[in-house]
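Below: the structure, in structure tokens.
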Amino acid sequence: METVFNDFLGWTREHQWGYNGRFDKTLDNGTELTVWDSGVLLVEPKSSSDKDIVISCAVHGNETAPIEICRDIIQDIIEQRQPVQHRSLFLIANPASINVGRRFVEENMNRLFSGAHSRGEVINPERERAAKIEQYVERFFNEAPTGKRRRYHYDLHTAIRDSKREKFAVYPYTHGKPYNKQQLQFLLACGVDTVLLNQAPTTTFSYFSAHQFNAHAFTVELGKVRPFGDNKRDDFAAAENAFRQLIGQPEPDLEPFKPEQHYVFAEAQTINRQNQNFELNFDDNTANFTAFDKGEVLAVDGGKEVRAIHDNEHIIFPNAKVALGQRALLTVVRVPTESLELV
Ligand SMILES: O=C(O)CCC(=O)N[C@@H](CCC(=O)O)C(=O)O
Ligand SMILES: [Zn+2]
């Protein structure tokens with residue numbers, strides 16, 4: 001019992017595929033802590049608000065900066081150094097992948113949501129864990145106090161490559177719903193001035209929460225993948241502070257919306273690897289947001305060239321080693337912030 005709350009991340013890593021049992025603790029300040037599983041912590045303040053906030057990390061186990069941030073916020077909540085004003089759910093999604101220091105153990109968890117964990121014949125622990133995580137998120141949103149709720153989910157990541165735009169967020173496909181100014185301002189408070197608009201559904205965690213639960217949900221890329229201890233926490237201080245304010249204040253401190261402060265990009269192409277002989281047409285050091293012009297070859301897939309379809313088409317998340325059928329490259333083009341339908 002004590003270890004759970006003394007070192008939540010450490011205990012989670014000891015129970016890397018899950019823990020069948022539950023722990024509760026009421027803090028002196030009245031906040032209720034409930035552990036639903038390893039890596040799954042519900043925090044309920046004494047007096048509730050209309051917000052439900054999910055903060056997740058370690059969907060990819062080698063993306064350590066978000067894990068360090070969540071670890072520290074969680075420990076500060078437990079030790080009552082971090083106030084909590086809103087119902088919050090913390091998720092350390094894939095502890096086994098943390099333990100092996102890799103993006104995933106058998107299968108990329110961020111392609112397993114919205115039911116993808118149960119498609120096809122494959123069964124593996126990441127699929128089972130993704131299914132359970134979906135259930136925890138559903139339970140969290142469904143067990144909220146009655147009345148109109150405001151739902152949020154920030155799924156925290158870091159990117160494999162350097163990036164010309166260091167921090168950026170993926171705004172999951174909204175199915176035509178307007179984008180949210182306050183959320184862009186919150187991301188800006190996190191140091192994220194760049195947003196990529198998905199143009200179609202995906203099987204990512206953030207799309208799951210956005211689509212199934214109408215949450216304001218984002219994949220947030222806070223910097224570059226580094227091993228534990230190598231992250232310069234100052235580079236993440238704005239984000240950590242914004243998340244601490246989000247859960248600890250009635251509202252986080254946000255500046256008024258100014259379109260010129262935001263760099264918005266729309267998805268141009270999602271290039272899925274179709275063949276074993278798949279090659280990217282640029283070297284491994286090419287940073288995210290490097291631009292290519294219309295007609296330039298981006299990749300060669302089974303001998304077929306894949307070209308940029310716009311001038312100034314920026315590459316994101318290039319990875320030639322993904323499993324067949326999965327995204328090997330995303331490309332985006334800049335769009336004026338003023339062109340978005342915003343509420
Ligand atoms: O740097 C990379 O190649 C991957 C970083 C990462 O894990 N990104 C997420 C983005 C999810 C989304 O598109 O919303 C992923 O690939 O799962
Ligand atoms: Zn990631």
Side-chain angles (χ1 to χ4, degrees), residues 54-70 91-95 97-98 101-105 107-114 116-117 126 130 133 153-174 183 187 192 194-211 215-227 231 236 239 265-273 278 280 282 284-290 298-299 314-323 325-332:
V54 179
I55 300 178
S56 54
C57 66
V59 164
H60 296 132
N62 59 343
E63 300 177 7
T64 59
I67 302 169
E68 291 180 0
I69 292 169
C70 289
L91 291 168
I92 301 168
N94 190 348
S97 71
I98 304 177
R102 295 207 311 262
R103 186 166 169 78
F104 54 86
V105 179
E107 192 171 356
N108 182 352
M109 186 180 270
N110 216 16
R111 304 293 178 272
L112 292 177
F113 290 93
S114 298
H117 50 75
E126 258 131 357
I133 287 173
H153 177 190
Y154 304 93
D155 183 33
L156 308 184
H157 290 248
T158 48
I160 298 166
R161 298 203 177 208
D162 284 330
S163 183
K164 294 188 175 203
R165 309 203 62 80
E166 194 206 4
K167 294 182 171 40
F168 55 99
V170 179
Y171 209 131
Y173 183 50
T174 65
Q183 286 304 299
L187 291 169
V192 177
T194 300
V195 174
L196 314 184
L197 310 175
N198 271 167
Q199 304 295 311
T202 58
T203 49
T204 61
F205 196 11
S206 59
Y207 174 79
F208 169 72
S209 298
H211 186 57
H216 296 291
F218 302 89
T219 308
V220 189
E221 300 286 347
L222 290 172
K224 195 175 169 184
V225 168
R226 294 187 203 288
N231 300 301
F236 301 90
F265 294 81
E267 176 181 347
Q269 304 189 63
T270 291
I271 295 154
N272 295 328
R273 177 185 183 187
F278 179 97
L280 293 165
F282 43 82
D284 287 350
N285 300 326
T286 310
N288 285 323
F289 290 94
T290 299
L298 301 173
H314 299 70
I315 54 150
I316 314 286
F317 304 140
N319 187 348
K321 297 195 170 68
V322 294
Q326 294 206 348
R327 184 184 71 198
L329 179 63
L330 171 70
T331 69
V332 297

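Atom set for the values below is all heavy atoms of this structure, side chains included, hydrogens, waters and symmetry mates excluded. Every number for a ligand or one of its atoms is a count from 1 in the order of the listing.
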Testing the 3.5 Å rule here: is there a donor-acceptor pair between the side chains of D155 and T219?
no

Could you verify whether a donor N or O on one side chain and an acceptor N or O on the other, from E68 and N231, lie under 3.5 Å apart?
yes

So, R226 and E63, do they make that salt bridge, N to O below 4.0 Å?
no

Using a 3.5 Å cut-off on N/O to N/O, what pairs does ligand 1 make with the protein? A line per pair would be great.
residue  : atom   : partner : partner atom : Å
ligand 1 : 1 (O)  : I160    : N            : 2.7
ligand 1 : 7 (O)  : H60     : ND1          : 3.0
ligand 1 : 7 (O)  : E63     : OE2          : 3.4
ligand 1 : 7 (O)  : R103    : NH1          : 3.0
ligand 1 : 7 (O)  : R103    : NH2          : 3.4
ligand 1 : 7 (O)  : H157    : ND1          : 3.4
ligand 1 : 8 (N)  : E221    : OE2          : 2.7
ligand 1 : 13 (O) : R327    : NH1          : 3.2
ligand 1 : 14 (O) : T219    : OG1          : 2.6
ligand 1 : 16 (O) : R103    : NH2          : 3.2
ligand 1 : 16 (O) : R111    : NH2          : 2.8
ligand 1 : 16 (O) : R327    : NH2          : 3.0
ligand 1 : 17 (O) : N110    : ND2          : 2.8
ligand 1 : 17 (O) : R111    : NH1          : 2.8

Do the non-hydrogen side-chain atoms of R327 and T270 ever get within less than 4.5 Å of each other?
yes

Decide yes or no for F317 and I160: does some side-chain heavy atom of the first lie under 4.5 Å from some side-chain heavy atom of the second?
no

Over 60° means perpendicular and under 30° means parallel, so classify the ring planes of F218 and Y171, tilted if in between.
perpendicular

Which residues and atoms, counting only protein N, O or S, are under 2.8 Å from the Zn ion (ligand 2)?
H60 ND1, E63 OE1, E63 OE2, H157 ND1

Charged tip of K321 within 45° of F278 ring normal and under 6.0 Å
no

Which pair of non-hydrogen atoms, one from T194 and one from F289, has the smallest distance, and what is that distance?
CG2-CZ, 3.7 Å

Determine whether the aromatic ring centres of residues H60 and H157 are separated by less than 6.0 angstrom.
yes

